[in-house]
Amino acid sequence: MDILNLIITAVWFIFPAYVANAVPVLFGKAFKGRWPMDFGKTWNKKPVLGKGKTWPGFFGGILIGTIVGILQGRILAGLLLSIGALVGDLVKSAAKRRFGIVSGKPWPIIDQLDFIIGALLFVSIVELPSIATIIIVLVLTPVFHVATNTIAYLLKIKKVWY
Ligand code: CTP
Ligand code: MG
């Protein structure tokens, strides 16, 4: 298999997770400040998760990501990639808050890979990714992420380009 084939295989494999991760950015704007997943609660005077994590974002991401998986003919993988992506993102936000980083402030690399790591771990229950897929996805995602966020920023969907 040549490199282009490996890249297409990797992107196809992870695609529902990309969608699941992108949906809340669009949903989040509509539900700004409403239905926070941490119910506005704090822990040691810091938000548990912060305003950036909402229930509509969480379930909207899982729903649409799973639909993408169904369209790919991989319902269970689609569901696990989507849940893993959203859970990975939540774990990252909880960690950021514990380090005192306010919602929306960047944590480079980790902000880009949180959902991928969650998705890869969860999907491994039903579809084990190849080493090539893991490496390609980890390398390409930060590049894709900055590119799509720049587009979202230019469209005024996101406040910052990263
Ligand atoms: N979002 C949401 N619900 C989620 C995840 C994301 O509503 N479960 C929306 C929010 O509007 C959020 C946006 O998607 O602001 C971008 O998500 P992300 O970059 O992960 O959150 P941040 O706001 O940057 O917060 P954090 O510092 O916790 O990463
Ligand atoms: Mg962020």
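Across Pro24 and Leu86, no two heavy atoms sit closer than the pair CG-CD1, 4.0 Å. The shortest heavy-atom contact between Thr150 and Val146 is OG1-O, 2.6 Å. The minimum heavy-atom distance linking Thr141 with Gln112 is given by the pair CG2-O, 3.6 Å. The shortest non-hydrogen separation linking Leu79 to Ile62 is CD1-CG2, 4.2 Å. Smallest separation of non-hydrogen atoms from Val143 and Val139: CG2-O, 3.8 Å. Between Arg97 and Ser103, the shortest heavy-atom contact is NH1-OG, 3.2 Å.
Interatomic distance, CD1 of Ile136 versus CD1 of Ile131, reported as 11.5 Å (0.5 Å rounding). For the atom pair CD1 of Ile134 and CD1 of Ile14, the computed distance is 9.0 Å after rounding to the nearest 0.5 Å. Between Leu81 atom CG and Gln72 atom CD the span is 8.0 Å, to the nearest 0.5 Å. Here Ile64 contributes atom CD1 and Ile67 contributes atom CD1; the two are 5.0 Å apart, rounded to the nearest 0.5 Å. Of the inter-residue distances, the one linking Phe115 atom CZ with Leu120 atom CG reads 9.5 Å to the nearest 0.5 angstrom. Atom OG of Ser82 is separated from atom CZ of Phe58 by 10.5 Å, given to the nearest 0.5 angstrom.
Under a 3.5 Å cut-off, the side chain of Asp38 and the backbone N or O of Leu49 do form a donor-acceptor pair. A donor-acceptor pair is defined here as one N or O able to donate and one able to accept, closer than 3.5 Å; no such pair exists between the side chain of Glu127 and the backbone of Ser124. For Lys105 (side chain) and Lys96 (main-chain N/O), no donor-acceptor pair under 3.5 Å exists by modelled atom type. Using a distance-only test at 3.5 Å, with no hydrogens or angles considered, a donor-acceptor pair links the side chain of Asp111 to the main chain of Trp107.
Lys92 and Asp89 are joined by a salt bridge, as a carboxylate oxygen and a charged side-chain nitrogen come within less than 4.0 angstrom of each other.
The hydrophobic clustering, which links ILVMFWY residues whose side-chain heavy atoms are closer than 4.5 Å, places Leu90 and Trp43 together. Both Ile83 and Val91 sit in one connected hydrophobic cluster of ILVMFWY residues. Membership requires side-chain heavy atoms under 4.5 Å apart, directly or through other members. Both Phe15 and Val126 are part of a single hydrophobic cluster, where members link through side-chain heavy atoms under 4.5 Å apart. Under the 4.5 Å side-chain contact rule for hydrophobic residues, Ile135 and Ile3 do not share a cluster.
Under the 4.5 Å side-chain criterion, counting only non-hydrogen atoms from C-beta, Tyr18 is not in contact with Thr148. Taking the side chain as every heavy atom from C-beta outward, Asp114 and Ser93 never approach each other to under 4.5 Å. Taking 4.5 Å as the limit, some side-chain heavy atom of Arg74 sits within range of a side-chain heavy atom of Trp12.
Other residues, nucleotides and ligands contribute more than 12 heavy atoms inside 6.0 Å of the CG atom of Leu138.
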request  = Please assess Val87 against Phe122 for the test side-chain contact (heavy atoms from CB on, under 4.5 Å), listing each intermediate value before the final yes or no.
outcome  = CA-CA 9 Å; Val87 169; Phe122 274 62; 4.2 Å; yes

